[in-house]
Every structure is written in structure tokens, then in C-alpha cells.
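Here is the structure we will look at, set down as C-alpha cells.
Chain A is the first sequence line, chain B the second, and so forth, proteins listed ahead of strands; every chain is numbered from 1. As the structure is a computational prediction, the values presented were derived from the model and not from experiment.
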Amino acid sequence: MASEFKRTLVTAALPYANGPIHLGHLAGCYLPSDIYVRFKRLKGEEVAFVCGSDEHGMAITMKARKEGVSPREIVDRYHFMMRDALADFGIAFDHYSRTSSEAHHKVASDFFKTLYDKGVFEARQTDQYYDPEAEQFLADRYITGTCPRCSHDAAYGDQCEQCGATLNPTDLINPQSTLSGATPVLKATTNWFLPLDKFSDDLRRYITSHPEWKPNVYGQTLSWLDAGDGLQPRSMTRDLDWGVPVPVQGAEGKVLYVWFDAPLGYITAVQELKGQDWETWWKDPSTRLVHFIGKDNIVFHCVVFPALLMQHGGYILPDQVPANEFLNLEGQKLSTSRNWAVWLHDYLADFPGQQDVLRYVLTATMPETKDNDFTWADFQQRNNSELVAVLGNLVNRVMVLNHKFCGGRVPAPGSEPQDLEALAAVAIQSARVSEALEAFKFREALGHAMDLARVGNKYLADEAPWQTVKTDQARTEAILGVATQLVAALAAVFEAFMPFSAERIRVMLGGPPALTFADLAGTGPWVPVGTALGESALLFQKIEDDQVEAQRAKLHAASAANPTSMTETSTPLAPLAPEITFDQFAPLDLRVALVLEAERVPKADRLLKLTLDTGIDRRTVLSGIAEHFAPEDVVGRRVILLANLAPREMRGIESQGMILMADNPETGKLAFVQPDGDLPVGATVR
RNA sequence: GGCGAGGUAGCUCAGAUGGUUAGAGCGCAGGAUUCAUAACCCUGAGGUCGGGGGUUCAAUUCCCCCUCUCGCUACCA
């Protein structure tokens, strides 16, 4: 498949240094990349595997500001935390770098300078939004407003998540700073833009030359080229003081856009790893470049980064970008801000030494083609009925039988037809595993590996050495010889998926040499006959109901406690709105009203039509609460009504006022604001 | 209402350029067995492949309509 390539450079998305690593990161990116790399090494191919912390960008400066520390302190904290967590799970990077290093600053700076000197960028003086209260220019992500295309009222400055439009902050209607809540003001500044629109044809040629990409990657990438007006120029610099300074005269106070500098971290990491030889890995067309990422990164790795590489010249382009979808947790999206996550360091504290159980379960439910759900019940079941019952049990019974009947040494395998058939399964299954992994089908590959353990269990049941031992010692040893070879092969077949367990199997087998997939394609032996076996130990432990229950309880407790000030990164509480005067407040006529009737509005999912008694009149008010309350739930409630709001017609019905509701930021649920005590209908609120 | 994705065994999912008895793992039932973490091995039950219509010799697979689920959206939080 990749025969024209001599070596493979594998990158895993640089994790952003503003929080720890959770199970979604592992399943989406780090685990598949690690499995792939380990597999390639087992095939004897030359591979380099790099990653590192992504440490720039405004989100980090904001977190630092919030905690009253420097950005450096933030990135140091998470850089080491992430690096260690990934290492603890056996993610075998050849090098883990970081973008705040001097080396990376030079790489990014030089890369930018080269493009600049080539005249690739278009310098544009533009009016950018500036937050007068926070005294800084605002990153796209920190401005919200109404989308000009679909009128969504919470579009971000770079993108509208509702209609998918790519935006510039100035496109937004009614912009607001999410830093201070202030209305940002326009201020002139010069930035350097990458005219992606000019590169559309090249990009299209590049992408359509890769129809083998996964449908989600290929489709989404092309849709960016085809969408609306096509690609738009993007600014590659920002007005910010944390990042790689723009290496251009007159660019003081500006840094490279984090999405410009982050992918270059892959280059820095290879330079640090390979020294002088780095160009072999980045510029020789016989090197295959593979990016493992989550689906949120597709556009940058398939459009922006290739465009940069093309314009620079001399670099190879990504040949494969096997992006995964997202992993949910117990039916809900993982969320750092809501603390709905399983952190890697937490998992290891509760399940010490059981990295492979999580690696196995996450591989078996990997979101390869669509979003998937991780549940603790599934985790328990897969551990108990697959790892313990099928794989662990086989290894254990072979060990025990060997010690019992064969003096603890590896016996010579038999050569009856059924013996040869069982041994042949190694070549067959390992070939299937190999084929699936070459195609980035990790779930399927894992299933083929587990099938080999099933072959072993069936072989033992069929041959029953505990029976033959009563009459035929030679046959007994022959059977166990076959079974032991299968176990040795299993260590190799599972190596890429569960390296810790594979190593433990090898230790139990007396430390045979590590195998390659070429070895597995043969007929063995995979552990030398006569080798003295080591101590037998259980490979996997059963997981009991109370452990699973404890994990679920922990998850919900952490979510409920939701220490937003500690973990908040993406969806903070709504910022304080701009100051108003009493004179601006006074005109509001707020009063207590009683809901007399309520009914759903046809063809509107959210609207309830309410009939209210305000004390002075009866009126109809439409309220967008149908998703949270049934009509019968609201009849008889006393509510707070904004009574002098101008009437507005929706769905052909005139709404005469507005009910006040509170929005629970944790759950997103609406709640009534209710008058305390026995306030009469018509009472005013001030 | 609109856009997108999807509805295949109790559960999680494969699959089918349309063509003999639609698959896997788990779960369940029965059997066998005892080397093994009551695990393993065998057998079985269980599906009108969401519903209806169309094209076709033949559709679960193609087309249309409907329905339900999920995400987002239009609609005063």
C-alpha cells in the first residue's frame, strides 16, 4: 500500500496547554496514532512519532489573567502534566516538544519570514476590534455576535457554529467582547493575511488526489472549498503579547496566529529529534506524512497547513489525515468547563497499572466513523467478558497447565493436523490485523487480534490436555507446546494495542525476544522450545459493580461541584453586561402575572402560547420554553412579566410581553423567576 | 418548519454495485467440561433490516412519501 514510501512521519495533534488530558483526547488521537506507530515498528518500518504542547494563543493568556499568574506558569503546569499523562499510558512518542521553546520560535519565525520574503502574504491595514476595558485587541474567538448569514445570535468571530460560515469578526452584527462584556471598538492595525482564495485550485488538486481519505475528512475538506464564496484570506498574525513575535519591521506587539505556529511544531519536534537529518523526514518525497487529529482540526490540517507548506516550497504534504470523530461520556459531550470528563491521571489513581484496560476499551469503541459513547458499564463488561474471560484466561490456563504438566518449560509443539491448523491461525489473524491497521480500521484490527485468543481457548477445549495427561504425557506436552506458541504470538499481536500486557506475557514466557509481523507470518516457534517459564500472574482483574458505581458517582459529583473558577476554559459564565444607568432601568414595567392557560404553538418547537392575568388586563404572551415545560406544568404559576415590551408577532400570533426566565449555565435548563410569598397578581417589581 | 446525520437481533454495532438460509461481540437459555479469575467450549432461541408506496423477474439494499431519534436552526431567556 505504502510501498513507494521508505519511512513514515506520524504526528499527533498538539494538545492545547490549558487543561489536562482526558479520555476523549486519548481515544480520538493519541491512542490510534500510538497503535499505528507501534504497528509500523513491528513491521520493521522506519517511523518517527512526534507531538508536543501547543502553548500559545489567547485562551492561555486569559486563563493566566484569571488566575493572576503569567502565561508561562500556565503552560509549564500543563505541558508537564500532559506529557507525563501521555507517557503513563504508553503513548510512545519519539519526541514530545513544546511551542514556547526557543527552538520552535526560531522555526516558526523563519518559516514566516520565508513566506513574507516571497511575498505570499498580503499586508492589510484593517480595523480590528479592541476591548477598551481589557485594553487589548480581541481574538476572533472572544467576540460574539449575530451571524450575518443565518442570524444566529451567538456566532463567534471566526466561525458560526450554526451555519458553518467562516467569518471575520467585523462581519458580526452587534459584537460583544466575551472578556469584559464591553462593546468592542474598531481600531486600525496592520496584519498579514494568507490569501487562501488564490490557492484554491492547488488545494483542490491536492485534496482530490487523495480520494482514499476517510469520507468525513475528504467530504468536509472539499465542502470548505465549495462553500459559499470559497476560501477567504485569513490573517496569520495577531495583536497579542504571548506567542512568536512577527519577524517584520513595524510589527511590534504582534505575534503569529496560533494556528500558523502550532502545526510548525511538528517540524520543530522533528528537528529536535533528528538533528541534521530532519530534512529527510520533512522534504524527501519518499517520506510519508500522516497526521492524527480529532475532527475539529480537519480544516487546518487539510487546508491551511498544506497551503502554508506549498507556498513555502520544499516540504512534503500530508498523505493521510485519519481524523476521528468525538467520544461522548455516559451519553453527554465531554466538557472541561462542566467537568464532565475522565482525566487520565484520575483514571490511573483509581485503576493503577490498568492502562491497557482503558486502551482496549477505547480502541474497541473508537469513534472512527461517527461519534461514540463511552460508558462505565461498557468498560466493565468489556474488561470482564473479553479481557479477563477470553485473553487473560487463556494466558493463565496455559501457564498453569505448563507448570503442572510440563515442568515449567516450553514443550515442543505437536504436528497433528489440528495442531498445525491452530498454529496457522497466527499467520491468518496477524495478516488480518495488519491489513486492518494499514487501513486505519482500529476496531476491526482489535477484533481480529481477540479472535486469535479465541482460537487458543477452543484448541485447549478440543484437545483437553488435562485428559490426555492421564494416559499420554507426550501428547499432553505437544498440545501445550502449541498453546504456548499461541500465547507467545498473542503477545506480539496485541503489542500495539496493549503494550504493557504484551510485555507481561513475555515475562511470563521467560522473556523471549520481541517479534515482528514478519515472524508472525511464519510457522514459529515464537518462543524457543525449552525456555524456562516465569511466574504466572493474572493479566487482568475483574472489575466489580461497586467500582463502576463509584466511577459514575464520582463523575456526577465532580460535575455537580463544577468548580468553574478552577477549570473554566471554554464556556464561562456570561460576562457582565455594560453598565447602565437607573434611568435606563426605570422604564421597565415588571410585574407579577398569573398563567391562566397554556398551549403549544403549532410548527414551533420552542414556543408556548400563554394567557396571562396581569391584574390590569388579560393578554397573550409567547414564550420560548416549550422544550423545558409542558403546558400543564405552567398553568397556575405566578411569573414575572415584562409588561411594556413592544408587541411582536411570531407564527401569526402577537406576543404582548415577555416572561423572565433564568438560565442555568451548568445544565442549560430554563427556570422561572418566581415571586416569593403571596404577592398578589399585578404587583410591580423594581 | 429548515439543514445534517441516523433508525439492521435484548444491548453495542458490521454488511449488502439489489439475487440462494441477513452477520459479529456481549446478554439470555440449554448442554458439555473442570486446566482456568463460575471463566472456557458446543448448541439454541431471538430480526416483517423504522412504516408505506414505486421501479424490478427480484429490494432490507435504488427512488419518493411518512414516522421516530440525535445535533444545529427559525422563531422573547
Ignoring the backbone of [X], work out which of [options] is nearest its side chain.
{"X": "A:Asp462", "options": "B:A39, B:C41, B:C76", "result": "B:C41"}
{"X": "A:Lys542", "options": "B:C40, B:U37, B:A36", "result": "B:U37"}
{"X": "A:Ala461", "options": "B:U33, B:C41, B:C26", "result": "B:C41"}
{"X": "A:Arg443", "options": "B:C26, B:C13, B:A36", "result": "B:C13"}
{"X": "A:Ala389", "options": "B:C75, B:C40, B:C35", "result": "B:C40"}
{"X": "A:Leu645", "options": "B:C76, B:U33, B:C26", "result": "B:C76"}
{"X": "A:Arg397", "options": "B:C76, B:C35, B:U37", "result": "B:C35"}
{"X": "A:Glu386", "options": "B:G25, B:A36, B:C35", "result": "B:G25"}

Without decimals, in angstroms, what is the distance between [X] [atom1] and [N] [atom2]?
{"X": "A:Leu608", "N": "B:C75", "atom1": "CG", "atom2": "P", "value": "17 Å"}
{"X": "A:Asn644", "N": "B:C76", "atom1": "CG", "atom2": "P", "value": "18 Å"}
{"X": "A:Met450", "N": "B:A24", "atom1": "CE", "atom2": "C1'", "value": "14 Å"}
{"X": "A:Gln381", "N": "B:U37", "atom1": "CD", "atom2": "P", "value": "21 Å"}
{"X": "A:Asn383", "N": "B:A39", "atom1": "CG", "atom2": "P", "value": "13 Å"}
{"X": "A:Leu401", "N": "B:C40", "atom1": "CG", "atom2": "C1'", "value": "12 Å"}
{"X": "A:Trp466", "N": "B:U34", "atom1": "CH2", "atom2": "C1'", "value": "8 Å"}
{"X": "A:Leu391", "N": "B:G25", "atom1": "CG", "atom2": "P", "value": "16 Å"}

Do you see a donor-acceptor pair shorter than 3.5 Å between the side chains of [X] and [Y]?
{"X": "A:Gln547", "Y": "A:Gln551", "answer": "no"}
{"X": "A:Asn402", "Y": "A:Thr484", "answer": "yes"}
{"X": "A:Thr611", "Y": "A:Thr620", "answer": "no"}
{"X": "A:Tyr360", "Y": "A:Asn383", "answer": "no"}

Rounded distance in Å between the [atom1] positions of [N] and [M]:
{"N": "B:G54", "M": "B:A59", "atom1": "P", "value": "11 Å"}
{"N": "B:A39", "M": "B:U34", "atom1": "C1'", "value": "11 Å"}
{"N": "B:U8", "M": "B:C76", "atom1": "C1'", "value": "43 Å"}
{"N": "B:C75", "M": "B:G51", "atom1": "P", "value": "37 Å"}
{"N": "B:A29", "M": "B:A36", "atom1": "C1'", "value": "24 Å"}
{"N": "B:U48", "M": "B:U43", "atom1": "P", "value": "24 Å"}
{"N": "B:A58", "M": "B:U17", "atom1": "C1'", "value": "16 Å"}
{"N": "B:U20", "M": "B:G6", "atom1": "C1'", "value": "31 Å"}

So which nucleotide does [N] pair with, by the Watson-Crick or G-U wobble rule with both distances under 3.5 Å?
{"N": "B:G6", "value": "B:C68"}
{"N": "B:A16", "value": "none"}
{"N": "B:G1", "value": "B:U73"}
{"N": "B:G25", "value": "B:C11"}
{"N": "B:G46", "value": "none"}
{"N": "B:C40", "value": "none"}

Give a yes or no on whether a salt bridge exists between A:Arg475 and A:Asp419, defined as a side-chain N under 4.0 angstrom from a carboxylate O.
-> yes
Side-chain ion pair, A:Glu435 and A:Arg432, N-O less than 4.0 Å =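 Between A:Arg432 and A:Glu435 there is no salt bridge, as every charged N stays at least 4.0 Å from the carboxylate O atoms.
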Can you tell me if [X] touches the phosphate of [N], counting only side-chain N or O atoms and a distance under 4.0 Å to OP1 or OP2?
{"X": "A:Gln467", "N": "B:U34", "result": "yes"}
{"X": "A:Lys458", "N": "B:C40", "result": "no"}
{"X": "A:Arg648", "N": "B:C75", "result": "yes"}
{"X": "A:Lys404", "N": "B:A36", "result": "yes"}

Under 4.0 angstrom, heavy atoms only, what part of the nucleic acid is [X] near: base, sugar-phosphate, or nothing?
{"X": "A:Leu539", "answer": "base"}
{"X": "A:Val400", "answer": "sugar-phosphate"}
{"X": "A:Phe405", "answer": "nothing"}
{"X": "A:Ser385", "answer": "sugar-phosphate"}
{"X": "A:Asn457", "answer": "sugar-phosphate"}

What is the ring orientation for A:His22 with A:His25, classed by angle as parallel under 30°, tilted 30 to 60°, or perpendicular over 60°?
->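 Parallel, since the angle between the ring planes stays under 30°.
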Is the count of non-hydrogen atoms from other residues, nucleotides or ligands lying under 6.0 Å from A:Arg552 atom CZ greater than 12?
-> yes
Nearest nucleotide by nearest heavy atom, which residue falls closer to the 5' end of RNA chain B, A:Gln541 or A:Leu660?
-> A:Gln541
